[in-house]
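Read the structure below first, then the notes.
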Amino acid sequence: PIVRMEAAIATSYIGTPKAMDALADTTKHPHGGHLAYGMRSALGAATMLPHWQFNHHLTMHNAPLRKFISEFAKNTKIAPDAKYSAQDAQFDTQKNLKVVRITAVKERMLYDITRFEVKAGQPVKLEFINPDATPHNLVIVKPGSGDEVGLAATRMAADPALAKSGQYIPKSDKVLFHTKMVPPIAGETLRFMAPSEPGEYPYICSFPGHWTIMKGVMVVK
Ligand SMILES: [Cu+2]
């Protein structure tokens with residue numbers, strides 16, 4: 001097991017997709033303390049992180065790796081506001097700021113919060129956290145158009161040219177605000193003014209196959 005642990009750590013010095021495959025392979029063998037330690041170090045290394053964080057095909061078909069990433073997530077603090085700017089700071093000083101934090105539920109394709117209220121025209125800071133092994137996003141749409149936007153996103157998945165970016169945001173005036181596709185163990189903060197029109201504004205994850213269950217409602221009062 002010590003040899004395999006060292007092999008796992010060695011992959012992080014190589015840092016290529018091939019090394020990632022080798023590391024992913026180690027998850028398929030029984031792993032005790034030493035190897036687990038090596039894998040944790042290797043997966044967390046800056047050289048390896050992009051290979052699994054942005055490669056959901058790799059994680060999708062490797063249950064042990066997913067489990068490992070989920071363990072890794074437990075020990076990692078996700079900062080949803082990495083791109084915090086002076087403009088953001090300014091936005092956040094508004095007295096009537098509404099702060100909402102929504103987290104993707106691990107291995108469930110769900111948001112932990114499926115309903116929240118804001119006042120019409122209120123400034124909103126929405127922190128979206130993804131501790132899952134799968135990418136997720138959060139797309140707020142016009143009242144009654146959750147299914148329409150979700151279906152349009154699914155259609156994008158069938159078109160290699162449209163799916164290439166991996167973003168799955170349909171060109172539609174029904175889409176009001178959205179995060180990027182947030183990779184595993186990452187987050188993003190949205191800042192926006194709530195619509196002036198009261199109503200129920202759905203939000204969905206537009207990752208193909210998620211939107212039918214991964215959704216919620218922003219109620220504008
Ligand atoms: Cu999702």
Side-chain angles (χ1 to χ4, degrees), residues 54 56 78-85 87-106 108-132 134-157 159 162-221:
F54 295 99
H56 66 270
I78 297 173
D81 219 350
K83 292 185 180 133
Y84 192 67
S85 68
Q87 213 178 349
D88 294 336
Q90 185 69 28
F91 187 95
D92 292 351
T93 61
Q94 296 173 95
K95 271 207 297 284
N96 56 340
L97 181 74
K98 168 86 176 187
V99 179
V100 187
R101 175 176 273 228
I102 300 179
T103 302
V105 181
K106 274 192 253 177
R108 293 290 307 281
M109 284 203 290
L110 296 172
Y111 296 118
D112 66 338
I113 290 175
T114 55
R115 195 174 179 90
F116 67 91
E117 284 183 11
V118 299
K119 294 191 193 86
Q122 185 177 19
V124 181
K125 173 183 168 184
L126 193 163
E127 298 175 322
F128 176 54
I129 311 275
N130 180 17
D132 201 9
T134 305
H136 298 286
N137 66 3
L138 194 148
V139 185
I140 302 177
V141 301
K142 286 186 180 169
S145 56
D147 290 3
E148 180 188 324
V149 173
L151 278 168
T154 301
R155 276 197 298 273
M156 290 177 79
D159 183 331
L162 294 176
K164 201 170 161 237
S165 72
Q167 293 300 312
Y168 305 108
I169 301 296
K171 281 210 177 74
S172 160
D173 63 358
K174 302 286 168 63
V175 174
L176 296 176
F177 317 103
H178 68 88
T179 66
K180 295 193 188 67
M181 194 55 74
V182 177
I185 333 284
E188 185 179 329
T189 298
L190 285 180
R191 288 178 175 80
F192 60 90
M193 293 302 195
S196 52
E197 192 83 18
E200 302 214 333
Y201 291 73
Y203 53 93
I204 62 167
C205 171
S206 70
F207 192 88
H210 290 198
W211 66 273
T212 51
I213 59 166
M214 194 163 179
K215 56 187 175 183
V217 176
M218 174 177 78
V219 182
V220 177
K221 291 226 159 176

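Only this structure's heavy atoms are used, side chains among them; waters, hydrogens and symmetry mates stay out.
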Indicate yes or no: at least one non-hydrogen side-chain atom of [X] is less than 4.5 angstrom from one of [Y].
{"X": "M109", "Y": "C205", "value": "no"}
{"X": "V149", "Y": "I204", "value": "yes"}
{"X": "V182", "Y": "F128", "value": "yes"}
{"X": "P131", "Y": "I185", "value": "no"}
{"X": "T114", "Y": "V217", "value": "no"}

Looking at every heavy atom in both [X] and [Y], which two are closest together, and how far apart are they?
{"X": "P195", "Y": "L176", "answer": "CG-CD1, 4.3 Å"}
{"X": "A194", "Y": "K119", "answer": "CB-O, 3.4 Å"}
{"X": "V118", "Y": "K98", "answer": "CG1-CG, 3.9 Å"}

Task: Worked verdict on V124 versus F177 for side chain to side chain contact (heavy atoms under 4.5 Å, CB included) - done: CA-CA 11 Å; V124 181; F177 317 103; over 6 Å; no
Open item on the list: Please check: side-chain N/O of Q167 versus main-chain N/O of M181, any donor-acceptor pairing under 3.5 Å?
Closed with: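 Indeed, once roles are kept as given, a pair shorter than 3.5 Å links the two residues.
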TODO: Would you check if the side chain of D132 reaches a backbone N or O of A104 as a donor-acceptor pair within less than 3.5 Å?
DONE: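 Such a contact is absent between D132 side chain and A104 backbone.
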Of all residues at least two apart in sequence or in a different chain, which pass the ring pair (Phe, Tyr, Trp, His ring centres under 6.0 Å) check with [X]?
{"X": "F116", "value": "Y203"}
{"X": "Y201", "value": "none"}
{"X": "Y84", "value": "none"}

Task: Those residues that, when tested against A157, pass side chain to side chain contact (heavy atoms under 4.5 Å, CB included) (two or more places apart) - done: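 Expected list: Y168, P208.
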Check residues 138-147 and write down every donor-acceptor pair under 3.5 Å in which the side-chain atom is one partner and the other belongs to a residue at least two apart or another chain.
| from | atom 1 | to | atom 2 | distance (Å) |
| --- | --- | --- | --- | --- |
| K142 | NZ | D173 | O | 3.3 |
| S145 | OG | K142 | N | 3.4 |
| S145 | OG | K142 | O | 2.5 |

Task: salt bridge (charged side-chain N to carboxylate O under 4.0 Å, His left out) partners of R101, counting only residues at least two apart - done: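 By the salt bridge (charged side-chain N to carboxylate O under 4.0 Å, His left out) rule, R101 matches E127.
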- [ ] Under the salt bridge (charged side-chain N to carboxylate O under 4.0 Å, His left out) rule, collect the residues that match up with R115, sequence neighbours excluded.
- [x]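 Partners of R115 by the salt bridge (charged side-chain N to carboxylate O under 4.0 Å, His left out) criterion, ordered by chain and then number, come out as E200.
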Task: Pairs involving residues 206-221, ordered by first then second residue, that meet side-chain hydrogen bond (donor to acceptor under 3.5 Å, both in side chains) (sequence neighbours left out) - done: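 As it turns out, the side-chain hydrogen bond (donor to acceptor under 3.5 Å, both in side chains) pairs with a partner in residues 206-221, which skip direct neighbours, are H136-H210, N137-S206, T154-W211.
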Task: Residue pairs involving residues 176-199 (criterion side-chain hydrogen bond (donor to acceptor under 3.5 Å, both in side chains); sequence neighbours excluded) - done: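 As it turns out, the side-chain hydrogen bond (donor to acceptor under 3.5 Å, both in side chains) pairs with a partner in residues 176-199, which skip direct neighbours, are D81-R191, D92-R191.
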Please name all residues satisfying side-chain hydrogen bond (donor to acceptor under 3.5 Å, both in side chains) with [X], sequence neighbours left out, ordered by chain then number.
{"X": "T134", "answer": "R66"}
{"X": "T93", "answer": "none"}
{"X": "K174", "answer": "E148"}

Open item on the list: How long is the straight-line distance from CD of Q122 back to CG of L97, given to the nearest 0.5 Å?
Closed with: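 It is 7.5 Å, given to the nearest 0.5 Å.
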Open item on the list: What's the separation between atom CD1 in I102 and atom CG in L126, rounded to the nearest 0.5 Å?
Closed with: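 If we round to the nearest 0.5 Å, I102:CD1 and L126:CG are 4.5 Å apart.
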